[in-house]
Amino acid sequence: MIQSRTIPNALTIAGSDPSGGAGIQADLKTFSALGVYGTSVITALTAQNTRGVSGVHPIPSGFIDAQLATLLDDVTIDAVKIGMVASRDVAETIRASLERCRPRWIVLDPVMVAKSGDVLVDDAGIAAVRDLLVPLADVVTPNLPEAAVLLDRPTPHSRTAMEALAGPLRDLGAGATLLKGGHLPGRECPDLLITAGDAIWLEGSRVDTANLHGTGCTLSSAIAARLAHGDALPDAVATAKAWLEAALTASSRLDVGQGQGPVHHFHAWW
């Protein structure tokens, strides 16, 4: 007898981080921590640690296509998170694959700049993400500098300036956008969830920690995991945000590297 699945499957399409705090590694940890079976397709290899990125080696688009085709031919994917996309060829490959076999949910984290300040994607890659992948996504999760790059506007530094981006972000074509306010000054970390008909503030407190490596990857994959479990989008975002805050708070228990350390994905267990 064939039993119905009770544990959802998620896919991360992203770059690899040898230090384990960001990219594919952070996504798979997040999926596991939130009760989702994780699969992965690697778009780039990086040489990096908690102090910075010293090299990026893109995977050829043809091999990314082979990874996706082979996986999607066999595994039913409930939600996909897309991270680092370094070229137009790769963006076209991902879009074509997901259009042929589309999961219920697509979460796009427009990774462009590492926490260390290292630029990971060139202008052509940025344009490809904006033109090809943003319209494909159910939700996009830019931080304030990434939103500014996508819109070719100054980085917002206030809630009012964030709200002013709601219309232009809707015009990019995604189903929804989570505009992350972590770069705002002050003790709060408010995010703005922008849907087709509304803009909802999600409040949060800033955690006093230097362990911020991979927070964007982790949040977007947590949203994908909760969507895979069947949460409505606002609930998935709120739950993922609260879970990330707990992972940041517990990050002091880790001793990883000499720069910006990772969050503690498995804080509920050890």
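Here the structure is a predicted model, which is why all the values come from computation and not from measurement.
- In this structure, A176 and L233 approach most closely via the heavy-atom pair CB-CD2, 3.6 Å.
- With hydrogens and angles disregarded, no donor-acceptor distance shorter than 3.5 Å links the side chain of E163 to the backbone of T160.
- A donor-acceptor pair is defined here as one N or O able to donate and one able to accept, closer than 3.5 Å; no such pair exists between the side chain of T70 and the backbone of Q67.
- Residues H183 and T155 are not in side-chain contact: their nearest non-hydrogen atoms beyond the backbone lie 4.5 Å or more apart.
- For the pair P103 and C101, the tightest heavy-atom approach, listed with the atom from each and the gap, is CD-O, 3.4 Å.
- Listed by first and then second residue, the ring pair (Phe, Tyr, Trp, His ring centres under 6.0 Å) pairs involving residues 130-172 amount to none (not counting sequence neighbours).
- Distance CH2/W270 to CZ/R253: 8.5 Å, rounded to 0.5 Å.
- Here the side chains of I64 and D89 are not in contact, with every heavy-atom distance at 4.5 Å or above.
- To the nearest 0.5 angstrom, S97 atom OG is 6.5 Å from L72 atom CG.
- For R100, the salt bridge (charged side-chain N to carboxylate O under 4.0 Å, His left out) criterion is met by D65, not counting sequence neighbours.
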Q | Trace of the side-chain contact (heavy atoms from CB on, under 4.5 Å) decision for R95 with L133 | A | CA-CA 6 Å; R95 181 182 175 101; L133 297 182; 4.2 Å; yes
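- With sequence neighbours excluded, the residues forming a salt bridge (charged side-chain N to carboxylate O under 4.0 Å, His left out) with R159 are E203, listed by chain and number.
- The side-chain heavy atoms of P110 and V134, taken from C-beta on, include no pair separated by under 4.5 Å.
- For A236 against L227, the heavy-atom pair with the smallest separation is CB-CD2, 3.7 Å.
- Side-chain contact between V36 and D78 is absent, with no heavy-atom pair separated by less than 4.5 Å.
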Q: Go through D235 and R226 one step at a time and tell me if the side-chain contact (heavy atoms from CB on, under 4.5 Å) criterion holds.
A: CA-CA 8 Å; D235 295 332; R226 291 312 315 169; over 6 Å; no
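- Counting all heavy atoms, side chain and backbone alike, L136 lies closest to E99 at CD1-CG, 4.0 Å.
- Legend: residues meeting side-chain hydrogen bond (donor to acceptor under 3.5 Å, both in side chains) with T141, ordered by chain and number and at least two apart, are D109.
- Around the CG atom of D208, the shell of radius 6.0 Å holds no more than 12 heavy atoms that belong to other residues, nucleotides or ligands.
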Q. So L193 and L178, side-chain contact (heavy atoms from CB on, under 4.5 Å) or not? Walk me through it.
A. CA-CA 4 Å; L193 179 60; L178 180 67; 4.2 Å; yes
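- Note on L45: it clusters hydrophobically with V41, by side-chain heavy-atom contacts below 4.5 Å among ILVMFWY residues.
- Connection of V256 to L28 is not established within any shared hydrophobic cluster, with ILVMFWY side chains joined at heavy-atom distances below 4.5 Å, either directly or through further cluster members.
- From I194, atom CD1 reaches atom CG of L165 across 7.0 Å, with rounding to the nearest 0.5 Å.
- Atom CD of Q258 and atom CG of D255 lie 9.5 Å apart (nearest 0.5 Å).
- Annotation: side-chain hydrogen bond (donor to acceptor under 3.5 Å, both in side chains) contacts of R102 (sequence neighbours excluded): D138.
- A79 and A224 get closest at one heavy-atom pair: CB-O, 3.4 Å.
- Partners of E92 according to the salt bridge (charged side-chain N to carboxylate O under 4.0 Å, His left out) rule, which considers only residues two or more places apart in sequence or in another chain, are R88.
- Residues meeting the side chain to side chain contact (heavy atoms under 4.5 Å, CB included) test with R130, sequence neighbours left out: I126, A127, L150, L172.
- Taken to the nearest 0.5 Å, the OG1 atom of T43 stands 6.0 Å off from the CE atom of M84.
- Between the side chain of R170 and the backbone N or O of T195, at least one donor-acceptor pair lies under 3.5 Å.
- Counted by atom type alone, S220 and K81 present one or more donor-acceptor pairs between their side chains at under 3.5 Å.
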Throw together a table of side-chain donor-acceptor distances under 3.5 angstrom for residues 10-24, partners on residues two or more places apart or in other chains.
unit_1	atom_1	unit_2	atom_2	d
T12	OG1	D27	OD2	2.6
S16	OG	Q25	NE2	3.0
D17	OD1	S19	N	3.0
D17	OD1	S19	OG	2.9
D17	OD2	S19	OG	3.0
D17	OD2	G21	N	3.1
D17	OD2	A22	N	2.9
D17	OD2	H213	NE2	2.8
S19	OG	H213	NE2	3.4

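- Of the inter-residue distances, the one linking N49 atom CG with Q260 atom CD reads 11.5 Å to the nearest 0.5 angstrom.
- Take A47 and apply the side chain to side chain contact (heavy atoms under 4.5 Å, CB included) test, not counting sequence neighbours, and it matches S54.
- Placement of L151 and V149 within a single hydrophobic cluster is found when ILVMFWY residues are connected by side-chain heavy-atom separations under 4.5 Å, directly or transitively.
- T50 and G261 get closest at one heavy-atom pair: CG2-CA, 4.2 Å.
- Contact check for W105 versus I223: no side-chain heavy atoms found under the 4.5 Å cut-off.
- With sequence neighbours left out, S32 forms a side chain to side chain contact (heavy atoms under 4.5 Å, CB included) with F266.
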Sequence neighbours excluded and cut-off under 3.5 Å, please list the side-chain donor-acceptor pairs for residues 184-192, or say none.
unit_1	atom_1	unit_2	atom_2	d
D191	OD1	G181	N	2.9
D191	OD2	K241	NZ	2.9

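- Applying the side chain to side chain contact (heavy atoms under 4.5 Å, CB included) criterion to T209, with sequence neighbours excluded, gives V207, N211, L212, L248, S251.
- Using a 4.5 Å heavy-atom threshold, the side chains of H267 and W243 count as touching.
- Using a 4.5 Å cut-off on side-chain heavy atoms (C-beta onward), V139 and V107 make contact.
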(Q) Evaluate H265 against F31 for side-chain contact (heavy atoms from CB on, under 4.5 Å), listing each step before the verdict. (A) CA-CA 9 Å; H265 297 88; F31 292 161; over 6 Å; no
